[in-house]
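Worksheet: the structure to be examined is printed underneath.
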Amino acid sequence: MASGPRRQVGPAVLPGHVRSRYRRILRFAARHLAAVWWYELLLPRIGLARVAERTRPARMQRFARRFHALAVELGGLMIKVGQFLSSRLDVLPPEITEELQGLQDEVPPVAFPAIRALASSELGFPLDEVFAMFEEEPLAAASLGQAHRARLLPADAEVAGVKDVVVKVQRPGIEAIVAGDLAALRKVGGWLSHFRIVADRADMPALVEEFAQTSLEEIDYLHEAASAERFAADFAGDVRVHVPHPAWERCTRRVLTLEDVTAIKITDTDALRAAGIDPAEVAPVFASVMFDQLFTNGFFHADPHPGNIFVTPVQPGSGGHPWKLTFIDFGMMGEVTPSTRSGLRKLLIAAAARDGKGLVAAIRGVGVLVPSADTVELERAMTHLFARFGGMGFAELREVDPREFRDFAEEFGEVVRSLPFQLPENFLLIIRAMSLTSGVCSSLDERFNLWDSVEPYAARLLREEGGNIVQDAARQVAGAAGLALRLPERVDDLITRIGEGNVSVANPRLERQVARLDRTARRTASAVVFSALLIAGAVVRADDSVLGTVMMAASAVPLLHGAWVGRRGR
């Protein structure tokens, strides 16, 4: 993504109503982070992990409902945060993702007089002098702006090459709200960076800054118009894709005028069938177009939810593809650097080949695993995963015995938790785009098999990278030759160390298991003493308040000891 200045605003300079929402966001975050600390960090360290596990689904659902209500009430970037959380089907439980999915369409519109005043001020003339027609009823309302249908005056239509347009107007005062929300998110990101379970896997301040940059670009409509033109250039001549043309003479930073390309919503399967389009044929084309953006072009639509993609039938007899995928809303776009794109291509090729070792190497290459990670167990688990579930479609996976999933998850989960995963800065939008792509494809065809789209695409990438593969093979041969030349010297060194008794054999997995058992025993003992002192103190306090209070206060010592033992084991 193009870099730009990062505008940071402190809470002291925010307008009063924005400072109030800033404080509400922080109170909400502090309350739920405290609950996470208590249930997910403290209780497991003192041997009460079952309490946390038993209450987790209900707690997650309560959090999602409260966040849903907060986001709908506040609007602004809270809607965007909720939309991102709802797309994280890969890491978040269904209690959260299902509750937040409705945030896509729940934003109330702004009253038209306020929209008319802002648009007229931006364009320099009253709306009836700029447009031949402007509908007061909004076509769509989003968290940062809303869209209205309009028609250009003949002179403007001749210049723009289009007559019917959609005009997107910013919500009045949204810039101050975005500044306040970003200030709150930066504060929360700082808090999260102190949780080791989070900090080991993601640089939260960096992720917040990436989100901030994307949000600031999203409220600059001139940037969005330029992104639409760049996206159109990437797919110029591609019969599968259509992009609306901007009417530049009627665009400002707060008003965007684009060609009206409204058609069939991509997930409206009934309308697709009525138009003679098979939804099952749309899914693989959509997946392929998204693959092109991520793995070939490097410039991708980061918000491909169903409201931003239409299927446009093509007039019969015009030749070419019978329908097109029409993308709109180019405010949230992402860029993939050449090095990351190369790593993603290798990852896709390894996944298509069911190559567990190659997949892990590709994951390491794109920066999701730190270089020092011991990946032997992960490679074995990925090979097992491909052998059992590789190639299955969504419908086939639903038919697998849930106990088999549970057994594999227990085995695989321990391996994943033991590895130092991290989230690179530029992965936030990539993950969002792929999560939404997967969801759209499965809603078009419940038997959609992602492998059917991945394999031919990976085969094409493999052909395109033939020269790189030859170079990689040459490097591997050179490395093997160097290893062979150094082998006699290393064998001699090994024999010398054996003779001196300096060779030690380590089994990291066994050592981790022993250490975990030791920590569990210590935490259990601490929990027993803590419970005994607390209960005894409560009983004694009825007759001897001083002694009872002392015993209850003393129960804090084994509690802290259990927490300290757990912290040492991390």
*Using distance alone, with no hydrogens and no angle criterion, decide if Ser342 and Ser339 have a side-chain donor and acceptor under 3.5 Å apart.*
no

*asked:* If you apply the rule side chain to side chain donor-acceptor pair (under 3.5 Å), what do you find for Thr312 with Thr326, and how did you get there?
replied: CA-CA 7 Å; Thr312 306; Thr326 301; 2.7 Å; yes

Between [X] and [Y], is any pair of side-chain heavy atoms under 4.5 Å apart?
X	Y	result
Pro313	Ile264	yes
Phe286	Phe448	no
Lys324	Val314	yes
Pro306	Val440	yes
Asp234	Gln293	no
Glu175	Ile219	yes
Val289	Phe327	yes
Asp329	Glu224	yes

State, to 0.1 Å, how close [X] and [Y] come at their nearest heavy-atom pair, and which atoms those are.
X	Y	value
Lys80	Glu218	NZ-OE2, 2.9 Å
Pro244	Val261	CB-CG1, 3.8 Å
Ile115	Pro172	CD1-CD, 4.5 Å
Leu33	Trp191	CD1-CE3, 3.9 Å

Nearest-0.5 Å distance, [atom1] of residue [X] to [atom2] of residue [Y]:
X	Y	atom1	atom2	result
Arg345	Leu294	CZ	CG	12.0 Å
Leu182	Tyr22	CG	OH	11.5 Å
Trp323	His321	CH2	NE2	4.5 Å
Arg254	Leu222	CZ	CG	10.5 Å
Glu137	Gln146	CD	CD	9.5 Å

*Stepwise side chain to side chain contact (heavy atoms under 4.5 Å, CB included) test for Val241 and Val243*: CA-CA 7 Å; Val241 178; Val243 181; 4.2 Å; yes

*Could you walk me through whether Leu344 and Ile430 pass the side chain to side chain contact (heavy atoms under 4.5 Å, CB included) test, one step at a time?*
CA-CA 10 Å; Leu344 289 173; Ile430 294 174; 4.1 Å; yes

*Should the ring pair His301 and Phe231 be called parallel, tilted or perpendicular, given that the plane angle runs from 0 to 90° and is split at 30 and 60?*
perpendicular

*Where does the angle between the aromatic ring planes of His245 and His242 fall among parallel (under 30°), tilted (30 to 60°) and perpendicular (over 60°)?*
perpendicular

Any salt bridge between [X] and [Y], counting N to O under 4.0 Å?
X	Y	value
Arg273	Asp278	no
Glu40	Arg59	yes
Arg240	Asp292	yes
Arg149	Asp260	yes
Arg253	Glu122	no

*Kindly determine whether Glu158 and Lys163 satisfy salt bridge (charged side-chain N to carboxylate O under 4.0 Å, His left out), including the steps that lead there.*
CA-CA 8 Å; Glu158 185 176 353; Lys163 180 174 66 174; over 6 Å; no

*Check whether more than 12 heavy atoms from other residues, nucleotides or ligands sit under 6.0 Å from atom CZ of Arg56, and answer yes or no.*
yes

_Taking the ring centre of each residue, are His32 and Phe67 less than 6.0 Å apart?_
no

_Arg341 to Phe295 six-membered ring, cation-pi geometry met (6.0 Å, 45°)_ = no

_Taking the cut-offs as 6.0 angstrom to the six-membered ring centre and 45 degrees off its axis, would you call Lys168 and Tyr221 a cation-pi pair?_
yes

*asked:* Would Glu135 and Arg151 count as a salt bridge (charged side-chain N to carboxylate O under 4.0 Å, His left out) here? Give the steps.
replied: CA-CA 9 Å; Glu135 292 186 0; Arg151 181 170 297 125; over 6 Å; no

